[in-house]
Amino acid sequence: MRYWLMKTEPNEFSIDDLERQGHPEPWDGVRNYTARNFMRDKMRVGDQVLFYHSNAEPSGVAGVAEIKKRGYPDPTAFDSADKHFDPKSKPEAPAWYLVEVGFVERFARFVSLAEVKANRKLRSMAVVQRGQRLSVQPVAPRHFAEVVRMGRGEAPADE
DNA sequence: GCCAACGTTGGC
DNA sequence: GCCAACGTTGGC
């Protein structure tokens with residue numbers, strides 16, 4: 001099983017929205033090739049996701065989600081009326097893919113970006129590297145576990 | 001609102 | 001294939 005971090009602006013779609021709707025969310029509109037490759041080629045059902053709120057006050061990890069459906073072509077790329085329409089993407093040769101993401105857990109304690117940056121164990125996480133804008137990124141298992149521990153308000157494990 | 005970082009586009 | 005211009009991301 002792999003671990004990921006996926007960014008969303010909570011005023012567009014938050015972890016509360018995901019929980020409330022009670023069904024998986026198609027993660028459409030991603031228009032970056034690196035992120036596309038992760039969704040199309042690497043993500044599998046059951047992979048665990050840190051659900052990250054960006055452009056928020058504060059920004060940070062709000063909870064955990066899970067991949068519920070493997071990558072398939074993003075239909076919004078084919079729809080000329082859609083904000084994310086891309087004429088380069090054709091149904092017979094799709095350029096853009098999405099996965100479906102389901103609710104797992106809303107953290108008891110929101111883990112702010114400042115807290116992630118302050119935790120020495122998380123210094124090499126992609127999300128705290130400067131200039132890192134990728135909206136879908138892999139997370140090391142030990143980093144995933146540490147962020148979840150913080151979000152549940154559990155005591156640090158012994159070194 | 002600013003702006004640094006970075007990805008993409010398009011002229012050549 | 002280079003690279004300047006442009007658009008976007010996202011923290012602050």
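Below, chain A is the first sequence line, B the second, and so on; all start at residue 1.
- Sequence neighbours left out, the pairs with a member in residues 2-24 of chain A that pass salt bridge (Lys or Arg N to Asp or Glu O under 4.0 Å) are A/Asp16-A/Arg106, A/Asp17-A/Arg20.
- The OH-C1' distance, from A/Tyr52 to C/dT9, rounds to 11 Å in whole Å.
- With side-chain heavy atoms closer than 4.5 Å counting as contact, directly or through intermediates, the hydrophobic cluster containing A/Tyr72 also holds A/Leu98.
- For C/dT9, the OP1/OP2 oxygens have no side-chain nitrogen or oxygen of A/Lys7 closer than 4.0 Å.
- A/Trp27 meets the side-chain hydrogen bond (donor to acceptor under 3.5 Å, both in side chains) test with no other residue; sequence neighbours excluded.
- In this structure, A/Lys88 reaches the B/dT9 phosphate: one of its side-chain N or O atoms is under 4.0 Å from OP1 or OP2.
- Residues that satisfy the side-chain hydrogen bond (donor to acceptor under 3.5 Å, both in side chains) test with A/Asp86, not counting sequence neighbours, are A/Lys88, A/Trp96.
- DNA chain B lies under 4.0 Å from at least one heavy atom of each of the following residues of residues 31-41 of chain A: A/Asn32, A/Tyr33.
- Residue pairs meeting the salt bridge (Lys or Arg N to Asp or Glu O under 4.0 Å) criterion with at least one member in residues 90-101 of chain A: none, sequence neighbours excluded.
- When each of A/Trp4, A/Tyr97, A/Tyr33 is paired with A/Phe38, the ring-ring contact (aromatic ring centres under 6.0 Å, His included) condition holds for A/Trp4 and for no other.
- Partners of A/Asp79 by side-chain hydrogen bond (donor to acceptor under 3.5 Å, both in side chains), not counting sequence neighbours: none found.
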Considering only nitrogen or oxygen atoms on both sides, find all protein atoms under 3.5 Å from nucleotides 5-8 of chain C and state each distance.
residue	atom	partner	partner atom	Å
C/dT8	O2	A/Arg133	NH1	2.7

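- Between A/His53 atom NE2 and C/dG11 atom C1' there is a gap of 16 Å when expressed in whole angstrom units.
- Atom CD of A/Glu57 is separated from atom C1' of C/dG10 by 12 Å (rounded to the nearest Å).
- The stretch residues 34-54 of chain A participates, sequence neighbours left out, in no salt bridge (Lys or Arg N to Asp or Glu O under 4.0 Å) pair at all.
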